[in-house]
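In what follows, a structure is listed as structure tokens, so that the remarks can point back to it.
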Amino acid sequence: MSIEIESKSTQRRTLVHWFRKGLRVHDNPALLQVFDVARTAPHKYSVRPIFLLDPGILDWLQVGANRWRFLQQSLSDLDNQLRELNSRLYVVRGKPVELFPKLFERWNVELLTYESDIEPYAVQRDAAVQKLAAVHQVHVDTHCSHTIYNPEVVMARNLGKAPITYQKFLGIVDQLKLPKVREKPEKLPEEVQPSEDALELADASVYDCPTLEQLVKRPDELGDNKFPGGETEALRRLEASLRDEQWVASFEKPKTSPNSLEPSTTVLSPYLKFGCLSARLLYERLKGILARHPKHSKPPVSLVGQLLWREFYYTAAAAEPNFDRMLGNAYCIQIAWNEQPDHLAAWTHGRTGYPFIDAIMRQLRQEGWIHHLARHAVACFLTRGDLWISWEEGQRVFEQLLLDQDWALNAGNWMWLSASAFFYQYFRVYSPVAFGKKTDPTGAYIRKYVPELAKYPANCIFEPWKATLSAQRDYGCVLGKDYPHRIVNHDIVHKKNIKRMTAAYKVNREVRTGKQEPDEELDEPTGKRKASSIKSGRAAKRRR
DNA sequence: CTCAATGTTGATGCT
DNA sequence: CAGCATCAACATTGA
């Protein structure tokens with residue numbers, strides 16, 4: 001017994017950084033902490049940066065093949081980055097709560113660091129891990145570095161609540177100090193290399209990065225690899241995006257095109273989502289450029305404005321565990337959406353019969369990224385504009401297909417577009433015909449992604465039902481045979497849906513002001529009061 | 001309490 | 001082709 005204790009006390013202690021999001025070595029305060037501590041006593045410590053991969057989640061998580069590939073590439077690049085710093089990435093297979101007690105013991109862990117996260121799943125997981133760490137006398141330090149501003153700090157400046165308008169949000173963060181962007185850590189001394197544990201002695205590849213074959217269960221669903229994952233590519237893309245300072249300084253999102261053949265915006269979003277690129281670094285770089293160009297665009301339309309939209313939604317989401325649902329969500333207006341599986345399937349797979357909508361949905365499936373305004377067009381079409389299907393259904397499809405899918409942003413934008421929260425001018429409806437014509441009058445985008453319509457001329461490619469049957473035959477694409485008839489008539493349904501929105505808002509208003517109880521069909525028993533408490537202080541006062 | 005101003009990105013038709 | 005009014009009309013904010 002005494003020998004055991006003796007050997008344990010002389011065994012080196014391990015410092016662990018746990019990667020989740022934040023798949024980078026630059027501006028990573030939690031990683032930096034572990035490296036810094038190791039350097040204070042290189043003979044006492046060894047360092048193990050880890051990523052946990054639960055093989056069970058591959059089957060149920062809403063992640064499409066393209067995003068699995070992005071993750072695989074990001075992990076592989078991260079491993080390379082760490083090897084240049086005399087370390088490596090240790091990918092450990094299993095569930096966090098089952099793994100950590102074993103790792104704490106196996107590696108004699110002293111310190112665990114990670115980047116904090118506001119997603120409910122992560123909050124719950126991290127609380128459980130912190131408990132386990134306490135039991136094993138492992139010190140835990142967390143750092144807020146996925147966002148520029150800490151959502152908790154923003155709320156503290158707004159009477160403890162998340163601001164629900166962007167302008168209010170701007171007013172608050174304008175008073176906050178900017179976080180310091182951190183350099184990537186310096187190389188670790190050789191002595192810090194951990195000696196092989198029992199598992200590594202048995203199998204030297206036990207902690208290796210997953211291969212593409214291991215992560216992508218449906219390789220047939222992989223599209224072109226237009227946006228490879230990883231920090232290296234993120235930083236390359238950052239530099240390419242910032243090269244033209246005039247463009248950066250004059251950027252206005254609403255003036256960029258949703259249907260250009262090549263992206264009209266930076267496509268840094270997937271890299272921000274996985275943390276391959278630090279939002280704080282991007283912010284600092286943008287500020288530097290704007291300082292050299294006094295006449296520049298401003299939030300909400302500027303590039304800085306785009307980053308702050310991300311912050312806005314993160315703050316709102318941090319305050320609401322049900323942010324991704326209609327029921328029990330304090331921000332969200334309650335609407336009796338229809339269930340319409342055939343229409344949902346048509347939208348999901350780009351078979352609505354509206355070429356502009358279908359082209360966007362097919363680009364999304366193939367490439368994993370679509371322009372923000374393209375997301376507006378298809379989201380409006382699915383929900384309040386045409387199909388009257390719940391935003392949660394659209395959220396699910398985006399969650400699967402978008403490389404940049406980020407819980408807070410996806411839910412927040414779906415609520416915005418469906419006029420369920422944050423945005424209320426539901427009478428502004430996108431036309432699935434007219435909207436795309438503004439930036440692509442010839443329909444080149446449609447020809448690329450809906451090739452069966454390639455021979456349709458510009459004057460009817462946005463509305464192929466206007467071509468006569470003989471013309472359709474000439475163009476080699478007959479509606480109902482080679483391409484679907486439109487599943488709804490926009491001119492008719494969008495007017496009907498505006499009236500439905502008016503009715504839904506009226507009910508919601510009466511519920512809020514206490515004139516009427518919420519619809520029992522819509523509300524969960526526990527969600528009743530909550531729906532009104534944040535929405536309106538006026539209503540809450542009246543109730544008291 | 002009321003009331004006016006405001007809101008990242010609508011469509012249409014007119015000047 | 002940019003700018004503007006109109007359509008019908010929302011919630012939030014702040015005076």
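In what follows, chains are A, B, ... by sequence order, proteins preceding strands, each numbered from 1. Computed from heavy atoms alone, side chains included, the values below leave out hydrogens, waters and symmetry copies.
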Full working for side chain to side chain contact (heavy atoms under 4.5 Å, CB included) between Asn413(A) and Arg375(A): CA-CA 9 Å; Asn413(A) 278 311; Arg375(A) 301 180 197 202; over 6 Å; no
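- Regarding Gln425(A), its CD atom lies at a distance of 9 Å from the C1' atom of dA9(C), rounded to whole Å.
- Applying the 5.5 angstrom centroid cut-off and the 30 degree plane-angle cut-off, the aromatic ring of Phe427(A) is not stacked upon the base of dC7(C).
- Between the P atoms of dA11(B) and dA11(C), the separation comes to 22 Å (whole Å).
- In this structure, Leu417(A) places its CG atom 11 Å from P of dT9(B), rounding to the nearest Å.
- What separates CG of Leu303(A) from C1' of dT8(B) is a distance of 13 Å, to the nearest Å.
- Taking atom CE on Met501(A) and atom C1' on dG10(B), their separation rounds to 15 Å, with Å as the unit.
- Residue contacts for Lys438(A): at a heavy-atom cut-off of 4.0 Å it reaches the sugar-phosphate backbone alone, with no base atom in range.
- One interatomic measurement links the two molecules: CG of Leu170(A) to C1' of dT12(C), which rounds to 15 Å at whole-angstrom precision.
- No contact: Glu252(A) has no heavy atom under 4.0 Å from any strand.
- One finds the CZ atom of Arg280(A) at 13.0 Å from the OH atom of Tyr283(A) (value rounded to the nearest 0.5 Å).
- The side chain of Arg509(A) lies closest to dA11(C), out of dT9(B), dA11(C), dT8(B).
- The side chain of Tyr505(A) sits closest to dC10(C) out of dT8(B), dC10(C), dA11(B).
- The separation of dA5(B) from dA5(C), taken at their P atoms, amounts to 14 Å, rounded to a whole angstrom.
- Pairing for dC4(C) is with dG13(B), a Watson-Crick or G-U wobble pair whose two hydrogen-bonding atom distances lie under 3.5 Å.
- Within the 4.0 angstrom heavy-atom criterion, no nucleotide atom of any strand lies near Lys255(A).
- Nearest nucleotide to the Thr502(A) side chain, out of dA9(C), dA11(B), dT8(B): dA9(C).
- At a threshold of 4.5 Å between non-hydrogen side-chain atoms, the residues Cys380(A) and Phe435(A) do not count as touching.
- With distances taken from any side-chain atom of Thr165(A) to the nucleotides dC10(C), dT13(C), dT9(B), the minimum falls on dT13(C).
- Contacts of Val301(A) with the nucleic acid, taken as non-hydrogen atoms under 4.0 Å apart, include base atoms.
- Note on Tyr426(A): only backbone sugar-phosphate atoms sit closer than 4.0 angstrom, heavy atoms only; bases stay farther off.
- Both distances falling under 3.5 Å, in either a Watson-Crick or a G-U wobble arrangement, occur for no nucleotide opposite dT8(B).
- Arg428(A) places its CZ atom 10 Å from the P atom of dT8(B), with the value rounded to the nearest Å.
- Checked against Glu452(A) for a salt bridge (Lys or Arg N to Asp or Glu O under 4.0 Å), the options Lys481(A), Arg447(A), Arg362(A) give a single hit: Arg362(A).
- For the pair Gln167(A) and dT8(B), the criterion of a side-chain N or O lying under 4.0 Å from OP1 or OP2 is met.
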Check against side-chain hydrogen bond (donor to acceptor under 3.5 Å, both in side chains), Tyr430(A) and His376(A): CA-CA 8 Å; Tyr430(A) 289 87; His376(A) 277 215; 2.8 Å; yes
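- The shortest distance between side-chain heavy atoms of Gln363(A) and Lys448(A) does not fall below 4.5 Å.
- Closest to the Tyr430(A) side chain, of the nucleotides dG10(B), dT13(C), dT8(B), is dG10(B).
- Here CD1 of Ile370(A) is found 11.5 Å from CG of Asn259(A). Values are rounded to the nearest 0.5 Å.
- Whole-Å rounding puts the Ile498(A) CD1 to dG10(B) P distance at 13 Å.
- In this model, the phosphate group of dC7(C) is not approached by any side-chain N or O of Lys495(A) to a distance below 4.0 Å at OP1 or OP2.
- Closest to the side chain of Phe435(A), out of dT8(B), dA11(B), dT12(C), is dA11(B).
- In this entry the distance linking NZ of Lys506(A) with P of dA11(C) reads 12 Å, nearest Å.
- Taking every side-chain heavy atom of Pro300(A) into account, dT8(B) is the closest of dT8(B), dT9(B), dG7(B).
- Out of dG14(C), dA11(C), dT8(B), the shortest distance to the side chain of Lys253(A) is found at dT8(B).
- One P atom belongs to dT13(C), the other to dC1(B), and the distance between them is 16 Å to the nearest Å.
- Of the P atoms belonging to dG7(B) and dA9(C), the separation is 22 Å, rounded to the nearest Å.
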